Structures are given as structure tokens and as C-alpha cells.
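First up is the structure itself, then whatever we jot down about it.
Since the model is a prediction, treat every value here as computed from it, not as a measurement.
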Amino acid sequence: MTAAAVPAGPALARQLRRAQRRQQWRAAALTAPLLLFLLVFFLVPLASLLVRAVENPEVADALPATARALADWDGGTEPPAAAFAAVAADLRAIDETAQAGALARRLNNEAPGARSLIMGTYRAVREWTAPPADARQALLDLDPRWGELPYWQAIAKNTQRWTPDYLLASVDLRRSVDGGIERIPPEEAVFSQILWRTFEISAVVTLVALLMAYPLAYWLSTLPERRANLLLILVLLPFWTSVLVRIAAWIVLLQNNGLINQWLQGIGLTDGPLPLLFNRTGVVIAMVHILLPFMILPLYSVMKTIPPNYLRAAVSLGSHPLAAFVRVVLPQTYPGVAAGCLLVFITAIGYYVTPALLGGASDQMLSYYIAQYTNVEVNWGMACALGAVLLSATLVLFVFYRRVSRGGLSLG
């Protein structure tokens with residue numbers, strides 16, 4: 001090659017930069033579909049969930065004049081006469097019954113009985129040919145409850161479009177009449193207990209799965225690759241079966257006349273059937289069965305990278321096999337333990353179908369109540385707030401896992 005054919009220094013640098021940019025654009029084009037998928041089907045729904053958890057549009061949209069009339073109300077005395085006229089005018093202006101129903105449901109969450117009050121008044125004022133001269137007396141004639149402060153306080157409290165009420169309620173807190181935050185009375189507090197139950201069941205399932213998966217994963221890691229791959233297929237077999245099919249199978253096995261109780265009575269271990277179904281025991285058994293592969297696979301992948309010579313060297317130097325395992329092998333499996341526990345726990349806290357079909361009333365987890373608010377009570381704000389609690393718990397666990405995996409927290 002002649003000297004003239006060799007590119008000059010600046011020209012060569014430009015060619016390298018152009019080639020690098022082409023590679024970057026090519027890489028961006030290849031990853032764009034995945035990023036678009038994550039944006040549309042993951043990030044946007046999460047953002048919508050978080051927004052809906054603090055959005056409170058029902059009262060603000062349906063009763064705008066009432067909100068202005070109650071702006072300076074102290075909440076402790078009867079509302080001004082303008083508020084009565086405003087609420088009558090706002091209810092008359094609602095064109096769709098669905099909007100009135102949404103308003104009634106929202107206020108009923110704050111003041112029981114508001115649903116019938118709002119809907120009855122809405123139907124009555126729609127028949128007025130003209131606004132009455134004395135709106136206060138007209139509303140009291142329709143329903144004496146318009147003279148009770150709790151209903152007006154519920155309206156005034158929810159006139160803002162953005163509110164922390166749903167998030168506060170999801171952790172058994174609420175806003176008082178004066179705007180402060182207070183704890184819900186113990187007889188009304190439910191979500192703290194439900195959240196604790198969700199974490200408790202998930203922790204038990206994670207612990208049982210770890211105790212069962214650890215020796216199995218270690219045994220698989222010591223087998224020849226061909227045999228290990230064959231047995232891993234059996235480990236993955238539950239993934240090929242529908243969750244509902246597996247739950248139905250456990251119902252057959254765990255019921256009073258099921259195979260397990262018949263076997264226990266047949267060998268003389270029990271005199272009668274054990275209560276294994278529609279309680280916490282059945283929930284834990286089925287969830288462990290479903291989630292066990294999520295624990296085995298991370299453990300196996302980590303254990304497979306540990307050279308067996310380490311354990312043999314420790315034993316040859318005089319260490320007891322168990323002590324050698326605890327001191328040499330066990331610390332090296334901590335990343336697999338952390339990853340498996342994270343996968344199982346995060347998946348378990350979002351379980352809905354298994355506890356709903358195999359558990360009792362006191363075994364339902366937080367996802368059951370999210371579905372209840374979504375499908376039955378049609379309270380999207382509360383459902384999204386509970387979903388935000390689960391999302392927050394997941395993020396906290398992920399941050400904890402990142403600290404563990406980076407060595408920021410010692411497990412030894």
C-alpha cells in the first residue's frame with residue numbers, strides 16, 4: 001500500500017467516529033422495540049397507577065360550585081346558604097347518571113349513607129322546573145340528612161382534585177377535619193393487618209422454599225451435566241402446567257377425603273383427617289410448589305460455578321465435611337440465596353388466585369383486596385393505592401438485594 005492510500009490522521013479519526021456512530025444507531029435500532037414495549041406496557045401503566053392513587057376527580061368534577069362555596073367553611077358549623085344552593089345546582093347540572101353514581105360511591109367511602117343521599121337528591125332535583133327560592137329548606141325537605149355535618153365535611157374534604165387520602169387509608173391513616181393526619185381507630189383499621197399477613201405468608205413461603213431448594217440445588221450441582229439437565233427438566237415441569245390446574249390438583253390432594261389424608265390415616269399417623277384445605281397450611285403448600293423453581297434455578301446457577309476442589313481441599317486439610325461446607329461453600333452461595341429469596345418473596349406478595357381458592361377468610365393477601373376494590377366496589381383510587389404499597393415494597397426489596405449483591409451488607 002502506498003503512502004497516499006493511507007488515510008491522514010484527521011480523516012481516519014472521522015471515519016472511526018462515523019463507524020462508531022453507525023454502531024450506536026444500529027444498537028439503538030435493535031433495542032428500540034424492547035424499550036417501546038417496556039414504555040407502553042410497563043412504565044405507562046405504573047405511572048397511571050401512581051397518578052390514580054392520588055387523583056380524586058369525582059367531587060371536583062361533579063360539584064365545582066359547591067367546592068367554591070365551601071372554600072372558607074370552617075367545617076364545624078352549618079354550611080352557608082350558598083353551599084346548599086350550589087350543591088343543588090351542581091347535582092342538577094350532572095347529565096350522566098354514571099357520574100352521579102361515581103360521586104355517590106366516593107362520598108360513601110367517607111360518610112356511610114352518602115350514596116343514598118346523593119342519588120336520591122340527584123333524582124329529585126332533576127325534576128325541579130326551576131331552582132327553589134330557599135335551597136336549604138328544599139334540600140332538608142328532600143332528605144333531613146342534609147342538615148348533618150359529616151356529609152358536608154366529606155364533600156369539603158374531597159373538593160381537591162389531588163389527595164393523599166387513598167395512600168393514607170392503605171396504611172390505616174386518614175386526614176382529620178382540620179387537615180391533620182391521624183391514625184384510624186383500631187376497630188376500623190384493617191390494611192396494616194392485611195399487609196402484615198401478606199408479608200408473613202410470603203416470608204414463610206420463601207423460607208420453606210429455601211430449605212427445600214438448597215439441598216436439591218446442591219445435589220444437582222454435583223451431578224454430571226447430562227443427569228443434571230434431565231433433572232432440571234423435572235424441576236421446570238410445573239411451569240408447563242396451568243396454575244389453576246395445579247391448584248385444582250392440590251384441592252383433590254388436601255381435602256378431608258383426599259389422597260394425603262387417606263395415606264396419613266392408612267399408615268396410622270393420624271386418627272382423622274387433618275385440616276389441610278381452606279387455611280394457611282394449604283396456601284403455603286401450594287405456593288411453595290408453584291414457586292420452588294424460582295428458588296432452585298438461582299441457587300443451582302451459583303453452585304455450579306463453585307469448583308468442587310475447594311470442599312475437597314478443606315477436608316484434606318483436616319476440616320470436618322460439614323464445617324468445610326459451612327465455611328467454604330455456603331458463603332459463596334449467598335448471591336444465589338439472595339436472588340432466589342428475592343424472586344420468590346416478590347412473586348409471593350402479589351399472589352391472588354392461590355390464597356383465594358385454597359385459603360380461608362383470614363388467609364387472603366393484599367392482592368385479593370385490590371381485586372375487590374377494582375371489580376366489586378369499583379374504587380380505582382383505593383385499588384391503585386394498595387397497588388402502590390405493593391410496588392413500594394418491591395422496590396425496597398430490590399434496593400436491599402442490590403446492596404447485598406454488591407457486598408454492601410455482610411451476610412456472613
Can Y151 and L107 be said to form a side-chain contact (heavy atoms from CB on, under 4.5 Å), step by step? CA-CA 8 Å; Y151 300 107; L107 293 177; over 6 Å; no
I would like to know whether L391 and L50 meet side-chain contact (heavy atoms from CB on, under 4.5 Å); could you show each step before the answer? CA-CA 10 Å; L391 177 62; L50 295 177; 4.1 Å; yes
Derivation of the side chain to side chain donor-acceptor pair (under 3.5 Å) call for W146 and T121: CA-CA 10 Å; W146 281 113; T121 304; 2.9 Å; yes
Can you list the steps and then say if D95 with R126 is a side-chain contact (heavy atoms from CB on, under 4.5 Å)? CA-CA 9 Å; D95 294 328; R126 295 279 291 178; 4.2 Å; yes
May I have the step-by-step check of side-chain contact (heavy atoms from CB on, under 4.5 Å) for T206 and M295, ending in yes or no? CA-CA 8 Å; T206 303; M295 184 69 74; 4.1 Å; yes
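The structure places CG of L149 at 7.5 Å from OG1 of T77, a figure rounded to the nearest 0.5 Å. We find the CD1-CG distance between I247 and L254 to be 11.5 Å, quoted to the nearest 0.5 Å. Distance check: I118 CD1 to D143 CG gives 9.5 Å after rounding to the nearest 0.5 Å. Distance CE/M303 to CG/L220: 9.5 Å, rounded to 0.5 Å. Here the straight-line distance linking atom OG of S116 with atom CZ of R145 works out to 3.5 Å at 0.5 Å rounding. With rounding to the nearest 0.5 Å, the separation of CG in L311 from CD in Q332 is 10.0 Å.
Distance alone, capped at 3.5 Å, is enough to place a donor-acceptor pair between the R246 side chain and the T241 backbone. The closest donor-acceptor contact from the side chain of S221 to the backbone of K304 lies at 3.5 Å or more, if one exists at all. S192 places no side-chain N or O within 3.5 Å of a backbone atom of D172 that could act as its donor or acceptor partner. Side-chain atoms of N56 never come within 3.5 Å of backbone atoms of R161 as a donor-acceptor pair (strictly under, hydrogens ignored). Without hydrogens or angle criteria, R174 side chain to A169 main chain gives no donor-acceptor distance under 3.5 Å. With hydrogens and angles disregarded, a donor-acceptor distance shorter than 3.5 Å links the side chain of N229 to the backbone of E225. Side chain of N261 to backbone of P273: no donor-acceptor contact under 3.5 angstrom is found. Side-chain atoms of D363 do not come within 3.5 Å of backbone N or O of P355 as any donor-acceptor pair. In this structure, the side chain of S202 engages the main chain of I349 through a donor-acceptor pair within 3.5 Å. Under a 3.5 Å cut-off, the side chain of R136 and the backbone N or O of A82 do not form any donor-acceptor pair.
Contact annotation: the side chain of V208 never approaches that of L292 to less than 4.5 Å [non-hydrogen atoms, C-beta and beyond]. Two residues are said to be in side-chain contact when any heavy atoms from C-beta on lie closer than 4.5 Å; R92 and E127 fail this criterion. Side chains of E78 and F84 form a contact here, defined as non-hydrogen atoms less than 4.5 Å apart. No side-chain heavy atom of Y218 sits under 4.5 Å from any side-chain heavy atom of Y300. With a 4.5 Å cut-off on side-chain heavy atoms, Q99 and D61 count as touching. For the pair V329 and Y310, the minimum side-chain heavy-atom distance is 4.5 Å or more. No side-chain heavy atom of L386 sits under 4.5 Å from any side-chain heavy atom of L195. Within the 4.5 Å cutoff, side-chain heavy atoms of L210 are placed close to those of C341.
Annotation for A339 and P298: closest pair CB-CB, 4.1 Å, computed over non-hydrogen atoms. Summarising the geometry of G360 relative to Q364, their closest heavy-atom pair is O-NE2, 2.8 Å, with the distance given to 0.1 Å. Among all heavy-atom pairs drawn from G387 and I370, the shortest one is N-CD1, 3.7 Å. When all heavy atoms are compared, the tightest approach of T281 to L276 is CG2-CD2, 4.0 Å. A pairwise comparison of heavy atoms in N256 and L274 identifies OD1-O, 3.9 Å as the closest pair. When all heavy atoms of L358 and A286 are compared, the closest pair comes out as CD1-CB, 3.2 Å.
Annotation: Q193, atom CD; neighbour count of heavy atoms from other residues, nucleotides and ligands within 6.0 Å does not exceed 12. More than 12 heavy atoms of other residues, nucleotides or ligands lie within 6.0 Å of CG in N309, so this atom counts as buried by the packing criterion. Counted within 6.0 Å of CG on N375, heavy atoms from surrounding residues, nucleotides or ligands total more than 12; the atom is thus considered enclosed. Under a cut-off of 6.0 angstrom, the local environment of CH2 in W25 is sparse, with at most 12 non-hydrogen atoms contributed by other residues, nucleotides or ligands. Crowding of Y368 atom OH: a count of heavy atoms from other residues, nucleotides or ligands under 6.0 Å not exceeding 12. The environment of CE in M119 is crowded: more than 12 heavy-atom neighbours from other residues, nucleotides or ligands sit within 6.0 Å. Other residues, nucleotides and ligands contribute more than 12 heavy atoms inside 6.0 Å of the CH2 atom of W240.
The pair D165-R175 counts as a salt bridge, with a side-chain nitrogen and a carboxylate oxygen less than 4.0 angstrom apart. The residues E58 and R52 are annotated as salt-bridged, a charged nitrogen and a carboxylate oxygen being separated by less than 4.0 angstrom.
A donor atom on one side chain and an acceptor atom on the other are found under 3.5 Å apart for Y214 and T333. There is a side-chain donor-acceptor pair under 3.5 Å between D141 and Q137. The closest side-chain donor-acceptor pair between N158 and R106 falls under 3.5 angstrom.
In this structure, the ring of W380 has its center no less than 6.0 angstrom from the ring center of Y166. For F37 and F42, the gap between ring centers reaches or exceeds 6.0 Å.
Ring orientation note: the planes of Y373 and F191 are tilted relative to one another, at an angle of 30° to 60°.
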